[in-house]
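Single-structure report; data block below.
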Amino acid sequence: MSEALAGGAVKEIPPKSADLSAWYTAVCLRAQLVSYSPVRGCVVLRPYGFGLWENLQRELDGRFKATGHENAYFPLLIPESLLIREAEHVEGFAPEVAWVTQGGSEELTERLAIRPTSEAMVGTMYAQWIESYRDLPILINQWANVVRWEKATRPFLRTMEFLWQEGHTAHKSAQEAREETLRILDLYREFAENVAALPVYSGRKSASERFPGAVETFSIEALMPDGKALQSGTSHDLGQNFARAYDIKFTDADQAVKYVHTTSWGISWRMLGAIIMAHGDDRGLRIPPKLAPTQAVFVPIVRSGDERAVEVCNRLARILADAGLRVRVDARDEKPGWKYSEWDLRGVPVRIEIGPRDVDAQTAVLARRDRNKDESGQRQTVAVTEIEAALRELLVEIQASLYSQARSFLQSHTIAVADQNEFFDLCSTRAGMIDIAWCERAECEAEVKRQTMATTRVLRELQEGDVRCTACGEPAKARAYFAQSY
RNA sequence: CGGGGCGUAGCUCAGCUUGGUAGAGCGCUCGCUUUGGGAGCGAGAGGUUCGCAGGUUCAAGUCCUGUCGCCCCGACCA
């Protein structure tokens, strides 16, 4: 045990490098983000996990509002007759839809789908609300839960019921709808980088990766430590497909009656899974300060007969909380070292230690979670009068350092290749984001997947000198990142 | 939906091979000593009896059959 402590390891979780999957599950449970529930595939989001989600919500919601969107709420249950109107859409979701067939003791005449997503419901309502071009655009977001029947589930990454936001907009032109789709894609990218500290690739999805019913799907993709990509946000240009299916028409300024162009876009709590996996280390979570439910935890060090530190911590915590920082005091009757390990595991960015020596000297010790014990700069002593400034500076530094570590990983695991054998080899071994010139043919993508498990993540413009597809030799049409994915 | 694993104390598990009436560590409660990287000693509680249902047997946690649930790895999806 003392060896484990000397190495800074936390005994409750396995080393991240040894078994990412076991580490991930253990951290989600031990950090008290979630608990498994009596329902297969459904987790309980515990207060600490919900706090993380609330911070994500706050950041995203502010960005939606700033770009003119409003929140609304639509029903959880969707009549089958509505859901089946868009053929491709219903076909795509059919295997994952849960149905309500009975109310009380009576069989329903029409079964009700528990929403797997709300295009059908929103589209139906938009058809009622929209008459004129003056009603457009309509820009609505919904924070909601959805259910998709899944066979293999994991906390955050794939659960049967999950929390997300789904934006649904309607526009008078294809151009406007496309602009909206890309505006949100960029909003997601900016959020991922600046708030979640996750560098991502954003871009267009291939036809086979497209949302059922969409004209074009775009996504942001993060890279996990095991070399698998994680789709962390999607934005869909739905064209007029849903407008036709749900009869969403308007009279334009030229007096012609036209179908609207719609978009939809979403980020789910899966993003939390990406944050957990990308930033965590052998000691547990490392939560980016902007999302951390607790940004700094005070650990008072008391000796028998000298409990002054508790008072000092409480006083300082009140001052910091009044200044808008998210802090807490851990005055439980446990050893300080025990608390250090626990808050390391739970990923609190900064720990503030105050003991008798600090009380006498009017100082506090600030320890940063992004550096290891024994690493220079992990701890610093500051005067209590400087504590707010020092903490703010540290939080900014930690946010930046987590991003920079993740960016280094993404960059060093993004590999541009032009050789076919090398390409297949890198895909099979989960080397990261494999960047090639690609033909955009579905058959080619299917063959790569069959041989290597990897698929395209996002596409972008061809570069100078790209002539042939690296995977199959046919004429190249785009650059593509290939990777195995979650 | 295929492959594998596991269901015994709050948690991690031992006990099963060779049936004989339930254990360890951690955690929890109380007390004292401690407290700057997961403390020590002492006392105590905790299983409606081993996921559930049958079966074999004088006797089943242990053997047999079935069943349910969970976890992991793959096929499909955010």
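Chain identifiers are assigned alphabetically (A, B, ...) following the order of the sequence lines, protein sequences preceding nucleic acid strands; residue numbering begins at 1 within each chain. FYI, side chains are in, hydrogens and waters are out, and symmetry mates aren't considered; it's all heavy atoms of this structure.
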Check: [X] side chain, [N] base, donor-acceptor under 3.5 Å:
X: A:Arg351; N: B:G37; result: yes
X: A:Arg379; N: B:G37; result: yes
X: A:Glu342; N: B:G37; result: no

Roughly how many Å is it from [atom1] in [X] to [atom2] in [N], rounded to a whole number?
X: A:Ile301; N: B:A39; atom1: CD1; atom2: P; answer: 13 Å
X: A:Lys449; N: B:G74; atom1: NZ; atom2: C1'; answer: 12 Å
X: A:Tyr486; N: B:G74; atom1: OH; atom2: C1'; answer: 14 Å
X: A:Arg332; N: B:C28; atom1: CZ; atom2: P; answer: 10 Å
X: A:Lys151; N: B:C76; atom1: NZ; atom2: P; answer: 11 Å
X: A:Glu334; N: B:G27; atom1: CD; atom2: C1'; answer: 11 Å
X: A:Asp333; N: B:U35; atom1: CG; atom2: P; answer: 13 Å
X: A:Arg283; N: B:G38; atom1: CZ; atom2: C1'; answer: 13 Å

So that I can tick it off, tell me whether [Y] and [X] are bridged by a salt bridge, with the cut-off set at under 4.0 angstrom between side-chain N and carboxylate O.
X: A:Lys339; Y: A:Glu342; result: no
X: A:Arg178; Y: A:Asp237; result: yes
X: A:Arg189; Y: A:Asp186; result: yes
X: A:Glu447; Y: A:Arg441; result: no
X: A:Glu59; Y: A:Arg63; result: yes
X: A:Arg351; Y: A:Asp330; result: no
X: A:Glu88; Y: A:Arg210; result: no

| request: Evaluate whether atom CD of A:Glu443 has more than 12 neighbouring non-hydrogen atoms of other residues, nucleotides or ligands under 6.0 angstrom away. | output: yes
| message | Would you say that more than 12 heavy atoms from the other residues, nucleotides or ligands in this model lie under 6.0 Å from the CD of A:Glu393, or not? | response | no
What pairs of donor and acceptor atoms, side-chain ones from residues 25-35 of chain A against any protein atom, are under 3.5 angstrom apart with sequence neighbours left out?
residue: A:Thr25; atom: OG1; partner: A:Ser21; partner atom: O; Å: 3.2

If I pick the [atom1] atom on [M] and the same atom on [N], what distance separates them, to the nearest angstrom?
N: B:C72; M: B:G61; atom1: C1'; value: 25 Å
N: B:A24; M: B:C64; atom1: P; value: 28 Å
N: B:G7; M: B:C50; atom1: C1'; value: 10 Å
N: B:G31; M: B:G20; atom1: C1'; value: 40 Å
N: B:A43; M: B:C6; atom1: C1'; value: 36 Å
N: B:G47; M: B:U8; atom1: C1'; value: 8 Å
N: B:G37; M: B:C41; atom1: C1'; value: 23 Å
N: B:U62; M: B:U18; atom1: P; value: 15 Å

With sugar-phosphate meaning primed atoms plus P, OP1 and OP2, does [X] contact a base, only sugar-phosphate, or nothing at under 4.0 Å between heavy atoms?
X: A:Gln378; value: base
X: A:Leu157; value: base
X: A:Gln231; value: sugar-phosphate

Pairing nucleotide - [N], Watson-Crick or G-U, each distance under 3.5 Å:
N: B:C63; answer: B:G55
N: B:U17; answer: none
N: B:U48; answer: none
N: B:U29; answer: B:A43
N: B:G69; answer: B:C6

| request: Check RNA chain B against residues 308-320 of chain A and give the residues with a non-hydrogen atom under 4.0 Å, in numerical order. | output: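 The answer is none.
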Taking only N/O atoms, report every protein-nucleotides 66-73 of chain B pair under 3.5 Å with atom names and distance.
residue: B:C70; atom: OP1; partner: A:Arg40; partner atom: N; Å: 3.2
residue: B:C72; atom: OP1; partner: A:Thr25; partner atom: OG1; Å: 3.4
residue: B:C72; atom: O3'; partner: A:Ser21; partner atom: OG; Å: 3.2
residue: B:C73; atom: OP1; partner: A:Ser21; partner atom: OG; Å: 2.7

| task | Establish, yes or no, whether the cationic atom of A:Arg111 lies under 6.0 Å from the six-membered ring centre of A:Trp99 and within 45° of the ring axis. | result | yes
| Cation-pi between A:Arg148 and A:Trp164: NZ/CZ under 6.0 Å from ring centre and within 45° of the ring axis? | yes
| Considering only side-chain heavy atoms of A:Val365, which listed nucleotide, B:G37, B:C76, B:G36, is closest? |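 Shortest atom-to-atom distance from the side chain points to B:G36.
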| query | Taking the side chain of A:Lys335 as its heavy atoms from C-beta onward, which of B:C28, B:U34, B:C76 lies nearest to it? | reply |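 When the side chain of A:Lys335 is considered, B:U34 is the closest of B:C28, B:U34, B:C76.
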| said: With nearest nucleotide decided by heavy atoms, which residue, A:Arg303 or A:Ser268, maps closer to the 5′ end of RNA chain B? | reply: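 Result of the comparison: A:Arg303.
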| query | Want to settle it: does A:Glu150 or A:Gly355 sit nearer the 5' end of RNA chain B, counting the closest nucleotide to each? | reply |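 On the 5' side of the pair lies A:Gly355.
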| note | Contact string for nucleotides 5-11 of chain B, one letter per nucleotide 5' to 3', B = base within protein heavy-atom range under 4.0 Å, S = sugar-phosphate only, - = neither, reads -------
| query | Does OP1 or OP2 of B:U34 have a side-chain N or O of A:Ser304 closer than 4.0 Å? | reply | yes
| request: Applying ring-ring contact (aromatic ring centres under 6.0 Å, His included), name anything that partners A:Tyr48, two or more places apart in sequence or on another chain. | output: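 Partners of A:Tyr48 by the ring-ring contact (aromatic ring centres under 6.0 Å, His included) criterion come out as none, since no residue qualifies.
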| query | Who are the ring-ring contact (aromatic ring centres under 6.0 Å, His included) partners of A:His261, not counting sequence neighbours? | reply | none
| said: Please confirm whether the ring centroid of A:Phe242 lies under 6.0 Å from the ring centroid of A:His89. | reply: yes
